[in-house]
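Side chains included, hydrogens not; waters and symmetry mates left out as well; all remaining heavy atoms used. If you read the sequence from its start, that first residue is 1, and numbering goes on from there.
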Amino acid sequence: MVGQTPAQHSGIHRSIHYTIIEGEAAGTWRYSFSIGDRNYSGTVQAVLGLLAARRVRMKIDRVLRQNASIDHQGRQRVEKEVETPAPLVPPADPKD
């Protein structure tokens with residue numbers, strides 16, 4: 001890569017814009033994407049840029065699944081706190 005500009009790929013996956021830039025070492029790609037207020041970045045190992053893009057899309061899917069799971073668990077917890085079962089009342093004694 002001496003004298004060359006690093007290869008770049010970018011795209012949109014599930015309405016999330018991501019960018020991939022070839023790293024200094026061969027087969028290393030740096031990626032970044034944002035979901036909400038949170039920024040994610042790191043490196044992936046791949047020979048080709050398209051394979052690196054696929055791995056980044058898989059990371060985006062994983063983060064979205066984790067966020068959905070956290071939201072779903074939070075909603076269930078609130079619903080359980082709101083629902084209170086009726087108190088158990090012993091049956092009336094017919095002899096009284």
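No side-chain heavy atom of S41 sits under 4.5 Å from any side-chain heavy atom of R30. Here the side chains of T28 and Q45 are in contact, with some heavy-atom distance below 4.5 Å. At least one side-chain heavy atom of K59 sits under 4.5 Å from a side-chain heavy atom of Y31.
At a threshold of 4.5 Å between side-chain heavy atoms, the hydrophobic network of Ile, Leu, Val, Met, Phe, Trp and Tyr places I35 and V56 in one connected group. If you chain together hydrophobic residues whose side chains sit under 4.5 Å apart, I20 and I16 fall into the same group.
Expressed to the nearest 0.5 Å, how far CZ of R14 lies from CG of L64 amounts to 7.5 Å. The structure places CD1 of I60 at 15.0 Å from CZ of R55, a figure rounded to the nearest 0.5 Å.
Taking each heavy atom of A52 and V44 in turn, the nearest pair found is CB-CG2, 3.9 Å.
Ring-plane geometry between W29 and H9 is classed as tilted, the angle between the planes lying from 30 to 60 degrees on a 0 to 90 degree scale.
Judged as a side-chain contact (heavy atoms from CB on, under 4.5 Å), and not counting sequence neighbours, the contacts of R57 are H13, Y18, A53, R54.
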